[in-house]
Amino acid sequence: MTDNTRPYGASDRPEFLPAGEEPQGPPDGPPPPTGPYGMGPGWAPPPLYPVVPQREPRGPNIALYAALAVVIALVAGGLASWGTFLLTRPSSGIDPAYTLSAPTKQPTNRPPQSVAGVAAKVLPSVVSLEVKGNSESGTGSGFVVKGGYIVTNNHVVAVAGQAGEIRIRYNDRTSSGARVVGRDPNSDIAVVKPDGTVRAPELPLGNSDGVVVGDPVIAVGSPLGLSGTVTTGIVSSLNRPVEAGGSTGSDYALINAIQTDAAINPGNSGGPLVNAAGEVIGVNSAIATVGGSLLGQQSGSIGLGFAIPVNQVRRIAQELITTGTARTSRIGITIDQTYQGQGVRIATQTEGGAVPVTPGGPAAKAGLHAGDVILEVDGRPVSDSQELIVTIRSKAPGDQVRIKFRHDGEVRTATVTVGAAPAPNARPS
């Protein structure tokens, strides 16, 4: 038996023999190696990339397929519906089956203190006036007071003159003729009496002395012939000296006005300015325009309207109804129109037959003299003649006013009892 073992440490390298000699295996060692030295059976070079272990195959994702199926079904259904619509719609675009929702039922009643509530109360008492004269005509507004009388502006009815025609149109669309009871150019107030019975309710008169800046107001009238027009705003200012009516002659008026930003336009003249309770606090009489002109020219509202305070209207209307004329309040002085200083100076000499201070008149009795400068009336400064005139005219004859004035460089105070100019002869148009 051959021993294929060799001692530990024996060399495994082949022996080098001389040329021509065949190697002879060691008599007692193993056979020579058949592969590279140091490599055992089954040897191979290492792989170039890491070997990734393979997972075992899984079954199909059922949830994903179900979601895709739903999406495909929805898209297919939508496309089918759109295709059906395109195939069946009328070529003209008309859809006989098309309808809109019916209106919802809404209550028409409004709270009495709301603008709509006040308007519903006031509108039946407001009228439209159509006035014709010999060569001109015009329109205006008015409102019914106690006894069926209608208060309006003098410049609205002045067009009629002595032989003109006045027609009243009520809110219920009925109409009647009318005649002038009396008119006062100095206050721009007139009273008209309709023919026949007046069925419209009277409008209550408020207290203009209680009005303050910021109070809500409503103007009602017939601007530009549009009867029953309602606009809203606030009291913007008080005691504005404003020229109303005509610019010259008998229709010229100076009023101590309530200013409002409620829209007032030509045709609103004579209509009421009412408070939140539906009470008249003024009679709309004038508007300012960009050019500075007042009512009478066909221009629109710029938010500067003026109304005659109702406390003055109340007195004038009552006098017109009872006597046909109205008194104009005065204190018996002539104003120096050339004076440019502070306050208003009484004239220093007779001008046009008018003496500076009427002998025995209200100013003379209170101690005022020619050349004195009036600084305040009832604590309110007066800066020009118009402001003094409208302040005095807003008072009733017999009222007392406190006047601060400068006499020979000394400031004095006097109480003056307002008087009245001689009443003209009654001449209702």
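Just so we're clear, the structure is a prediction, and the values are computed from it rather than from any experiment.
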Taking everything shown except [X] itself, do over 12 heavy atoms lie less than 6.0 Å from its [atom1]?
X      : atom1 : answer
Arg173 : CZ    : no
Asp384 : CG    : yes
Arg315 : CZ    : yes
Gln318 : CD    : no
Gln113 : CD    : yes
Lys365 : NZ    : no

Find out whether [X] and [Y] are in side-chain contact, i.e. whether some heavy atom of one side chain is under 4.5 Å from a heavy atom of the other.
X      : Y      : answer
Asp184 : Glu319 : no
Val213 : Leu238 : yes
His155 : Ser285 : yes
Leu68  : Val71  : no
Ile218 : Val115 : yes
Ile331 : Ile403 : yes
Pro266 : Leu224 : yes
Phe143 : Val122 : no

Counting N and O atoms only, with roles assigned by atom type, does the side chain of [X] sit under 3.5 Å from a partner on the main chain of [Y], one being a donor and the other an acceptor?
X      : Y      : value
Arg314 : Gly206 : yes
Ser141 : Ser222 : yes
Lys193 : Ile321 : no
Thr334 : Val355 : yes
Ser329 : Ala420 : no
Ser125 : Pro201 : yes
Asn154 : Asp188 : no

So which atom in [X] and which in [Y] form the shortest heavy-atom distance, rounded to 0.1 Å?
X      : Y      : result
Ala257 : Phe306 : CB-CB, 3.7 Å
Ala326 : Leu320 : N-CD2, 3.9 Å
Thr350 : Gly353 : CG2-C, 3.8 Å
Thr229 : Pro223 : CB-CD, 3.5 Å
Gly332 : Ala363 : O-CB, 4.2 Å
Val118 : Ala276 : CG2-O, 3.2 Å

(message) Can you see whether Thr391 engages Arg380 through a side-chain donor-acceptor pair at a distance of less than 3.5 angstrom?
(response)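 Side chains of Thr391 and Arg380: pair found under 3.5 Å.
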(request) State whether a side-chain donor-acceptor pair under 3.5 Å links Gln106 with Thr104. (result) yes
(request) Go through the steps to decide whether Val235 and Val212 satisfy the test side chain to side chain contact (heavy atoms under 4.5 Å, CB included), and finish with yes or no. (result) CA-CA 7 Å; Val235 173; Val212 298; over 6 Å; no
(request) Inspect the contact between Glu410 and Arg412 and indicate whether a charged nitrogen and a carboxylate oxygen are less than 4.0 angstrom apart. (result) yes
(request) Determine, for Lys395 against Asp378, whether the closest basic-nitrogen to carboxylate-oxygen distance falls under 4.0 angstrom. (result) yes
What distance do [X] atom [atom1] and [Y] atom [atom2] have between them, rounded to the nearest 0.5 Å?
X      : Y      : atom1 : atom2 : answer
Ile389 : Ile255 : CD1   : CD1   : 13.5 Å
Asn256 : Ser187 : CG    : OG    : 12.5 Å
Ile308 : Arg393 : CD1   : CZ    : 11.5 Å
Thr231 : Asp261 : OG1   : CG    : 9.5 Å
Asp215 : Ile258 : CG    : CD1   : 9.5 Å
Ser385 : Ile374 : OG    : CD1   : 11.0 Å

(request) Kindly determine whether Val373 and Gln342 satisfy side chain to side chain contact (heavy atoms under 4.5 Å, CB included), including the steps that lead there. (result) CA-CA 8 Å; Val373 178; Gln342 179 187 11; 6.0 Å; no
(request) Take Val382 and Leu375 through the side chain to side chain contact (heavy atoms under 4.5 Å, CB included) test and state the conclusion after the steps. (result) CA-CA 6 Å; Val382 290; Leu375 303 174; 5.9 Å; no
(message) Could you walk me through whether Val280 and Val274 satisfy the side chain to side chain contact (heavy atoms under 4.5 Å, CB included) test, starting with their C-alpha distance in whole Å, then the side-chain angles of each, then the deciding distance to 0.1 Å, before giving a yes or no?
(response) CA-CA 4 Å; Val280 180; Val274 303; 4.3 Å; yes
